[in-house]
Participant: 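Here it is: the structure, laid out below.
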Amino acid sequence: MSFIDTIKVRREGGVNTGEQLMALARGAADGTIPDYQLSAWLMAAYLNPLTPPETADLTKAMADSGEKLDLTGLPKPWVDKHSTGGVGDKTTIVLLPLLAACGLTVVKMSGRGLGITGGTVDKLSSVPGFRMDLTPEEMKEQAKRIGLAITGQTPRLAPADKKLYALRDVTGTVGSVPLIVSSILSKKLAGGAETVVLDVKCGSGAFMKTLPAAQELARWLREIGQFCGLNLHLSITDMSQPLGRAVGNALEVKEAIRVLKGEKGRLRDVCVHFAGMALTATGRGSASDAEKALDSGAALAKAKEWFAAQGADLGVFESEDWCSAKDVSELRAEQSGWVSILDAQTIGQAVVDMGGGRKMREDYIDSSVGIVLHAAVGDRVEKGQLLAELHGPIQDIGRAFEMSDTSVPARSVVIE
Ligand code: URA
């Protein structure tokens, strides 16, 4: 059967067999199915979503499209984390060293930016020298030595996802629940961890814009994950406004380092929440142990060890004077009031338009550009007060902010 038949079945709303999905994953991984046919299938799959059994088949086929990391010999417990993607989401850069500082072994495969949501690969690649192309052998050796390792999507682990992920990003086919589920879970299966914490983002800066949509994605992740034998722990978190203050690759790494150094706020809260979840799930502690690891400097020390192991210039911990945009402009409040909306989608799109994300698969990313927010939902601001700094080309982000004459409660970051 040719791949054209697989596309036609999908186009007509039929069911793709396990064999067809295996051939798809194999062909995506080894390059024998051309991008235009894969893109046609992806669009058909976006319009006629895969059923749960098809999604489970695709997940396994994508995980089997390359090697699986065998973590045997590494200290237990083995933990991994993933986010469904959001604007300003730099949780991984804080959470990985935090978990390792609490005694867990963390091995993670991350992605590039997808749509308006940033990707950890792009963020960490902004750090001079940081290697995001570790081989499976290097990952294992490093995790054994220091407790954590991260890599980008490699040609050896879940290579089918590497190809499909890049095509979805530029063909308008990201926001499909079965495609998101198979993409995330295939990487988790290939990564070999026993316990996985998943951050399901909800709001305008995420693929799931409403709580019912995020709940549906969480349900699918849990069910397909269970079917595939993964031990998953999930929370839904707020993405109606960007997470933290910075959006843009290098700016987000700088913010993550500040949190590792003790800065408080919503980013730290979400990291402590997921660290607590992983520690409780593995019987190794709770959220208060994560707080202690941040306050004592243990997580920061582990982060430095991690950056050094992956080739990074440790100067990034000493000063923020690296990978900076030449031009910085300001947005100031036109009226006094309380911030009632800070739209994550508008901010995320502006950063992509500034050159901080991709519109084409091979687009160059300017790591220095981005937006630093100086107000969040619930804050009182006075006329003329600084709302945001734009690092790079000027964008119209004023419409991201809405003001209210009456006070607005701050929004909690963990929804459920
Ligand atoms: N993260 C992934 O790895 N894949 C998706 O499809 C979305 C978020």
Side-chain angles (χ1 to χ4, degrees), residues 24-25 28-29 38-39 41-43 45-46 49-50 54-56 58-59 61-63 65-66 69 80-93 95-96 107-124 132 150-154 157-191 193 196-203 205-209 213-214 216-218 220-222 224-225 228 230 232 234-237 239 243 274 344-345 348 352 357-358 361:
L24 182 158
L38 290 171
S39 300
W41 182 86
L42 284 169
M43 184 53 79
Y46 185 89
L50 277 70
E54 287 177 296
T55 308
L58 181 62
T59 303
M62 281 165 51
S65 67
L69 211 53
D80 194 353
K81 74 77 63 170
H82 211 86
S83 153
T84 58
V87 174
D89 180 9
K90 68 285 283 177
T91 314
T92 292
I93 305 169
L95 192 51
L96 259 57
V107 178
K108 172 163 170 58
M109 201 191 323
S110 277
R112 313 193 307 176
L114 201 53
I116 58 164
T117 72
T120 307
V121 171
D122 298 327
K123 294 174 215 250
L124 287 175
M132 282 301 286
I150 193 167
T151 190
Q153 289 153 308
T154 85
L157 302 172
D161 179 59
K162 180 178 163 81
K163 170 56 75 74
L164 296 178
Y165 189 97
L167 289 176
R168 285 166 57 217
D169 188 26
V170 291
T171 55
T173 54
V174 172
S176 151
V177 166
L179 296 181
I180 294 174
V181 169
S182 54
S183 166
I184 292 176
L185 297 185
S186 63
K187 285 194 283 284
K188 302 303 103 180
L189 278 175
V196 180
V197 290
L198 280 183
D199 183 357
V200 179
K201 298 282 187 202
C202 170
F207 302 120
M208 301 299 125
K209 309 286 181 203
E216 195 202 350
L217 175 58
W220 274 69
L221 283 163
R222 191 178 295 116
I224 307 292
C228 295
L230 285 166
L232 295 182
L234 300 92
S235 274
I236 297 176
T237 66
M239 190 33 69
L243 180 60
F274 281 104
Q345 180 163 17
V352 172
R358 294 181 188 80
R361 201 173 58 175

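Both backbone and side-chain heavy atoms feed into the values below; hydrogens, waters and symmetry mates do not. None of the values given here were measured: they were computed from a predicted structure. Counting convention: from 1, in listed order, for ligands and their atoms alike.
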Participant: For R168 and S183: C-alpha separation, side-chain torsions, deciding distance, then whether side-chain contact (heavy atoms from CB on, under 4.5 Å) applies.
Facilitator: CA-CA 11 Å; R168 285 166 57 217; S183 166; 3.5 Å; yes
Participant: Nearest protein heavy atom to atom 4 (N) of ligand 1, by residue and atom, and its distance?
Facilitator: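 Protein heavy atom with the smallest distance to atom 4 (N) of ligand 1: S183 OG, 2.7 Å.
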Participant: Would you mind listing which atoms of ligand 1 come within a distance below 4.0 Å of any non-hydrogen atom of S83?
Facilitator: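 In order of numbering, the contacting atoms are 1 (N), 8 (C).
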Participant: List the steps and the verdict of side-chain contact (heavy atoms from CB on, under 4.5 Å) for Q153 and K187.
Facilitator: CA-CA 9 Å; Q153 289 153 308; K187 285 194 283 284; 3.8 Å; yes
Participant: So, for A160 and S65, which heavy atoms are closest and what is the spacing to 0.1 Å?
Facilitator: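 Scanning both residues completely, I find the closest heavy atoms to be N-OG, 3.1 Å.
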Participant: With only distance considered, is Y165 within less than 3.5 Å of ligand 1 through an N or O on each side?
Facilitator: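 No; the residue has no nitrogen or oxygen that sits under 3.5 Å from a nitrogen or oxygen of the ligand.
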Participant: May I ask you to list the atoms of ligand 1 that are less than 4.0 angstrom from any heavy atom of H82?
Facilitator: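 What qualifies from ligand 1 is 1 (N), 2 (C), 3 (O).
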Participant: Taking distance alone, with no angle check, do R168 and ligand 1 share an N/O pair under 3.5 Å?
Facilitator: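 It does: an N or O of R168 is found under 3.5 Å from an N or O of ligand 1.
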Participant: Between the side chain of K81 and the main-chain N/O of K108, is any donor-acceptor distance below 3.5 Å?
Facilitator: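 No, because the side chain of K81 does not come within donor-acceptor range (under 3.5 Å) of the backbone of K108.
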Participant: What protein heavy atom sits nearest atom 7 (C) of ligand 1, and how far off is it?
Facilitator: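 Minimum-distance protein heavy atom for atom 7 (C) of ligand 1 reads L114 CD2, 3.6 Å.
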Participant: Where is the nearest protein heavy atom to atom 8 (C) of ligand 1: which residue, which atom, and how far?
Facilitator: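 Sorting protein heavy atoms by distance from atom 8 (C) of ligand 1 puts T84 O, 3.4 Å first.
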Participant: Report the residues that fulfil side-chain hydrogen bond (donor to acceptor under 3.5 Å, both in side chains) with S83, sequence neighbours left out, ordered by chain and then residue number.
Facilitator: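 Applying side-chain hydrogen bond (donor to acceptor under 3.5 Å, both in side chains) to S83 gives D89.
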Participant: Report the C-alpha distance between T117 and K201 in whole Å, list the side-chain angles of each, state the deciding distance to 0.1 Å, and finish with yes or no for side-chain contact (heavy atoms from CB on, under 4.5 Å).
Facilitator: CA-CA 11 Å; T117 72; K201 298 282 187 202; over 6 Å; no
Participant: With a 4.5 Å cut-off on side-chain heavy atoms, are L164 and L38 touching?
Facilitator: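 SC-SC contact between L38 and L164 confirmed.
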Participant: Does some non-hydrogen atom of S110 fall short of 4.0 Å from ligand 1?
Facilitator: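 In this structure, S110 fails to qualify as a contact of ligand 1 - no heavy atom is under 4.0 Å.
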Participant: For K187, take its heavy atoms, then give the atoms of ligand 1 lying under 4.0 Å from any of them.
Facilitator: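 This gives 2 (C), 3 (O), 4 (N) as the contact atoms.
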